[in-house]
Amino acid sequence: MSEGIKDHPGLSDAAAQSRASVLRSRAESYIALSRHEAAIADLTESIALVPDHARSWRLRGESHRVIERYEAALADFDEALRLEPDSAYALGSRGQTYAAMSRLEEAMDDFEHALTLAPDSLWILEAKAELLVDLDRLDEALHEYAKIIAQNEELAYSWVARGDLYQRMHQYEEAIADYTKALAADPEYVRALSRRGEALRMTDRYEEALADLNRALELDPENDRAFGSRGAVLSELGDNEAALRDLNRAIDLDPEYIWAYRVRGEIQQELERHEEAVADFTQALHLEFGD
């Protein structure tokens, strides 16, 4: 029995319903504040008072999911769906839980079922697209992103997500176009600037890449990926010492940044600093393969 019920023995049904409702409402605010332990406590008492309220189970499942208690989240979503089988939200959230647990086919089943109930749900479409990328079904993922963008072309993050997919597919011009769309919607979107800078680097447009990466770092001076990409650009432009400074900073910010070790090693090798190059390549191998 929860402490709340111990403190309030003998509640009438009406009072129990009322208390459970207030607890559930407070939990929603706790969730909005990312105070998930407090939300779980309120929802646990709310469920004890009114066990057949599907929303309480779903909300508690969501808090469990966010703090990575995946088995508890699954149990809550299962109960929410037993009570309310056609809840697209519960199906989508359970799908996200399955995806986090690498149970990818079960995740896909939930996303597809949810989309039969709520075909225009952006967050479920996005979750499905991300899962398709994880499954290496990239053309299908592009199709999902097209549907997402068609719903609202002003959502910068949707353009960036598709741009990232194009970049993964080595379709750099398409990626640049999508990042440019994102920046039209949000000119200070650091990820769009950083990723467009990287795509421009891959197409040998080094001065344009440098401009994007400089701006990204003005906006976010702790962006390790932007430092790494700018280091690679500076090396291509012939300034290896400046490149090394950027790569050193990238590695300081993320000591497990494998790509930065590899690029720094290549620059050290070019400068005939072979001991330093060996050290960087050795660390890259250790981080990626455990050597």
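Bear in mind the structure is a predicted one, so any value in this text is a computation, not a measurement.
The side chain to side chain donor-acceptor pair (under 3.5 Å) pairs that include a residue from residues 72-91 are Arg60-Asp76, Asp78-Arg94, Glu79-Arg82, where partners are two or more places apart or lie in different chains. Pairs passing the salt bridge (Lys or Arg N to Asp or Glu O under 4.0 Å) check and including a residue from residues 259-269, sequence neighbours excluded, read Arg264-Asp280.
Between the CG atom of Leu43 and the CD atom of Glu28 there is a distance of 8.0 Å, given to the nearest 0.5 Å. Put simply, OH on Tyr206 and CG on Leu210 are 12.5 Å apart, with the number rounded to the nearest 0.5 Å. Summarising the geometry, atom CG belonging to Leu74 is positioned 11.0 Å from atom CZ belonging to Arg65; distances are rounded to the nearest 0.5 Å. A distance of 13.5 Å separates CD in Glu198 from CZ in Arg230, rounded to the nearest 0.5 Å. We find the OG-CZ distance between Ser21 and Arg55 to be 10.5 Å, quoted to the nearest 0.5 Å.
Taking every heavy atom of both residues into account, Ala161 and Tyr145 meet most closely at CB-CE2, 3.5 Å. In plain terms, the two heavy atoms of Gly61 and Ala73 that are nearest each other are O-CB, 3.4 Å. Scanning all heavy atoms of the two residues, the minimum distance from Leu183 to Tyr189 falls at CD2-O, 3.7 Å. In terms of heavy atoms, Ile47 sits closest to Ser56 at CG1-CB, 3.6 Å. Nearest heavy atom pair, residue Gln269 against residue Ala277, reads N-CB, 3.8 Å.
No donor-acceptor contact under 3.5 angstrom links the side chains of Asp164 and Tyr166, judged on distance only. For the residue pair Arg201 and Ser229, no side-chain donor N or O sits within less than 3.5 Å of a side-chain acceptor on the partner.
Comment: Arg273 does not engage Glu276 in a salt bridge, judged by the lack of any side-chain N to carboxylate O separation of less than 4.0 angstrom. Ion pairing between Arg249 and Glu222 holds under the 4.0 Å rule for side-chain N and carboxylate O.
Within a 6.0 Å radius of CD in Glu173, more than 12 heavy atoms belonging to other residues, nucleotides or ligands are found.
A donor-acceptor pair under 3.5 Å links the side-chain atoms of Thr180 to the main chain of Ile176, judged by distance alone. Proximity of a side-chain donor or acceptor of His36 to a complementary backbone N or O of Ile67 within less than 3.5 Å is not detected.
Arg24 is not listed as a side-chain neighbour of Val50, based on a closest heavy-atom distance of 4.5 Å or more. Put simply, the side chain of Met169 reaches to within 4.5 Å of the side chain of Leu142, judged on heavy atoms. Between Glu207 and Leu237 there is a side-chain heavy-atom pair separated by less than 4.5 Å. Under the 4.5 Å side-chain criterion, counting only non-hydrogen atoms from C-beta, His170 is in contact with Tyr172.
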Less than 3.5 Å apart, which donor and acceptor atoms pair up between the side chains of residues 252-260 and the rest of the protein, not counting sequence neighbours?
from	atom 1	to	atom 2	distance (Å)
Asp254	OD1	Glu256	N	3.0
Asp254	OD2	Arg225	NH1	2.8

N/O donor-acceptor pairs under 3.5 Å from side chains in residues 114-125, not counting sequence neighbours:
from	atom 1	to	atom 2	distance (Å)
Thr116	OG1	His113	O	2.5
Ser121	OG	Trp123	NE1	3.4

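Every residue was checked against the side-chain hydrogen bond (donor to acceptor under 3.5 Å, both in side chains) condition with Ser25, not counting sequence neighbours, and none meets it. Contacts of Arg137 classified as side-chain hydrogen bond (donor to acceptor under 3.5 Å, both in side chains), with partners at least two apart in sequence or in another chain: Glu140.
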